[in-house]
Amino acid sequence: MSDVDAASGYPGLPGRTVVVTGAAGGQGAAEAILLDSLGARVVATDLGSDRPAVYEGTHVTYRPLDVSNEDHWTALAADLAQTLGGEPLKGLVNNAGITHRARLGQTARADWDRVFAVNVTGAMLGIQALAPLMARGSSIVNVGSAAGLTAHYTAAYTSSKWALRGLTHVAATEYGPRGIRANIVHPGFIETPMTDAAPQAMREAQLALTPLERMGHPGEVSSVVAFLLSDAAAYVSGAEIPIDGAFTSSSGVKYMADRIAAGTPSAVRPSLEG
Ligand code: NAD
């Protein structure tokens, strides 16, 4: 590791190739742009055929790729094998994801399958296709969700993110002996196109139960993803990292703490007065 790399706080990324899925906007674009600024060679992918305007002024390469399409992954792996010229692929960020806001009793089989095809199978296909291009020091980061740690959200999405946790742990176990790491991050409520359409009631409940008392920003996820890709996290594998303002940590207890605080004489709760 060079001093210059270490000074960035994200050693091991400059000049190295990283693939990010679902990167037309939201968290994926934030991850790709941060990695580009750190000197990585970023291949950003998403469904659309055109390079998103968000990448103007960056070195990010854009490539259409449907994560649920095995042929797309096979083609990407073949192209990367050429461009990498024998150098290992540094990282894969399985960020693409879709939500489905229907309760268990109203979840149609087709919607369930669609959500799993992207959120779970997409990540599995990506790992299968690109792990052969990886070597010691490579890193896989899956983007889970606070919903993958709780049961507050809808059925298909929640179940898919719980499944993604399992895939992450299997990848960490299977690829560990090759020096390849696999981790998963669990964003809470992050302001992106996905959450633009969230019902107001969900926003209010989320805020009420988040100890940091605010939503998160894509940049607060991308910095953790970049850390996990970098050699600063060289001994971190099989980890699950919530990025949720302590939402899952307090697991609803904030509601009770706030109620207790409201009924407690101010003299004995100075820390709650700010
Ligand atoms: P987003 O909707 O802005 O981004 C998701 C991207 O995935 C989109 O650009 C979309 O086109 C792409 N995508 C969808 N299907 C795809 C497919 N088949 N192949 C390739 N790309 C596909 O949402 P976001 O909030 O940036 O979500 C990024 C990730 O973070 C997702 O996995 C999501 O589940 C997860 N997440 C988001 C939040 C949040 O509050 N925003 C919370 C927890 C987890």
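Remember, it's 1-based here, ligands and their atoms both numbered in the order they're listed.
- Each of the following atoms of ligand 1 lies closer than 4.0 Å to a heavy atom of Leu65: 19 (N), 20 (C).
- Ligand 1 has no atom lying under 4.0 Å from any heavy atom of Ala117.
- One distance of note links CG of Asp66 with OG1 of Thr45; it measures 9.5 Å at 0.5 Å rounding.
- Proximity of His186 to ligand 1, defined as any heavy-atom pair under 4.0 Å, is not found for any part of the residue.
- For ligand 1, the atoms lying closer than 4.0 Å to a non-hydrogen atom of Phe189 are 40 (O).
- The existence of a salt bridge linking Asp79 and Arg63 is confirmed by a sub-4.0 Å separation between a basic side-chain nitrogen and an acidic carboxylate oxygen.
- Of all atoms in ligand 1, listed by their number and element, those nearer than 4.0 Å to a heavy atom of Ser145 are 43 (C), 44 (C).
- Checking each of Val19, Ile140, Val143, Val141 against Asn94 for a side chain to side chain contact (heavy atoms under 4.5 Å, CB included) leaves exactly one that passes, namely Ile140.
- Residue Asp66 has at least one heavy-atom neighbour below 4.0 Å for each of these atoms of ligand 1: 17 (C), 18 (N), 19 (N).
- In this structure, the side chains of Arg203 and Phe189 come closer than 4.5 Å at one or more pairs of heavy atoms.
- Geometrically, Arg165 engages Trp162 in a cation-pi contact defined by less than 6.0 Å to the ring centre and at most 45° from the axis.
- Between Gly188 and ligand 1, at least one N/O pair is under 3.5 Å apart.
- The protein non-hydrogen atom at the shortest distance from atom 17 (C) of ligand 1 is Leu47 CD2, 3.5 Å.
- A salt bridge between Glu213 and Lys254 is present, with a side-chain N of the basic residue lying under 4.0 Å from a carboxylate O of the acidic one.
- Across Ile190, Asn119, Val221, Asp46, heavy-atom proximity to atom 40 (O) of ligand 1 is greatest for Ile190.
- In this structure, the side chain of Asn142 does not engage the main chain of Gly144 through any donor-acceptor pair within 3.5 Å.
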Step-by-step ring pair (Phe, Tyr, Trp, His ring centres under 6.0 Å) determination, His100 to Phe116: CA-CA 11 Å; His100 181 61; Phe116 268 73; over 10 Å; no
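- Distance from atom 37 (C) of ligand 1 to its nearest protein heavy atom, with residue and atom name: Gln27 NE2, 3.1 Å.
- Under 4.0 angstrom from ligand 1, there are no non-hydrogen atoms of Thr45.
- In summary, the atoms of ligand 1 found under 4.0 Å from a heavy atom of Gly97, numbered by their order in the structure, are 5 (C), 7 (O), 31 (C), 32 (O).
- Taking atom 43 (C) of ligand 1 as the reference point, the nearest protein heavy-atom neighbour is Pro187 O, 3.2 Å.
- Across the listed options Asp244, Val93, Asn95, Asn94, Asn95 owns the non-hydrogen atom lying nearest to atom 28 (C) of ligand 1.
- Interface atoms of ligand 1 facing Val143, defined by a heavy-atom separation under 4.0 Å, are 29 (C), 30 (O), 32 (O), 35 (C).
- Note that the CG atom of Leu92 and the CG atom of Leu130 stand 5.5 Å from one another [nearest 0.5 Å].
- What sits closest to atom 23 (O) of ligand 1 on the protein, heavy atoms only, is Met194 CB, 3.2 Å.
- The side chain of Ile98, and not its backbone, has at least one atom closer than 4.0 Å to an atom of ligand 1 (non-hydrogen atoms only; side chain from C-beta on).
- Residue-ligand proximity: Glu191 is placed with every non-hydrogen atom at 4.0 Å or more from ligand 1.
- The shell of residues lying under 4.0 angstrom from ligand 1, judged by heavy atoms, excludes Thr21.
- Between Val67 and ligand 1, at least one N/O pair is under 3.5 Å apart.
- Atoms of ligand 1 lying under 4.0 Å from any heavy atom of Pro193, numbered from 1 in the order shown and given with element: 3 (O).
- With hydrogens left out, the protein atom closest to atom 6 (C) of ligand 1 is Gly22 O, 3.4 Å, a heavy atom.
- Atom CD1 in Ile243 sits 9.5 Å away from atom NE2 in His186 (nearest 0.5 Å).
- Residue-level proximity to ligand 1 for Thr192 is carried by the side chain, the only part with a heavy atom below 4.0 angstrom.
- In summary, the side chains of Thr248 and Asp244 do present a donor paired with an acceptor at a separation below 3.5 Å, with no hydrogens or angles considered.
- Looking at Glu191 and Arg214, no side-chain N of the basic residue comes within less than 4.0 Å of a carboxylate O on the acidic one, giving no salt bridge.
- You'll find the side chain of Trp73 reaches within 4.5 Å of the side chain of Val67, heavy atoms only.
- In terms of polar-atom proximity, defined here as any N/O pair under 3.5 Å, Ser68 makes no such contact with ligand 1.
- Between Lys90 and Asp231, at least one side-chain nitrogen of the basic residue sits less than 4.0 Å from a carboxylate oxygen of the acidic one, meeting the salt-bridge criterion.
- Atoms of ligand 1 found under 4.0 Å from any heavy atom of Tyr157 (numbered from 1 in listed order, with element): 33 (C), 34 (O), 35 (C), 36 (N), 43 (C), 44 (C).
- When heavy-atom distances to ligand 1 are checked against a 4.0 Å cut-off, Thr195 comes that close only through its side chain, counted from C-beta outward.
- Leu80 places a side-chain heavy atom less than 4.5 Å from the side chain of Thr17.
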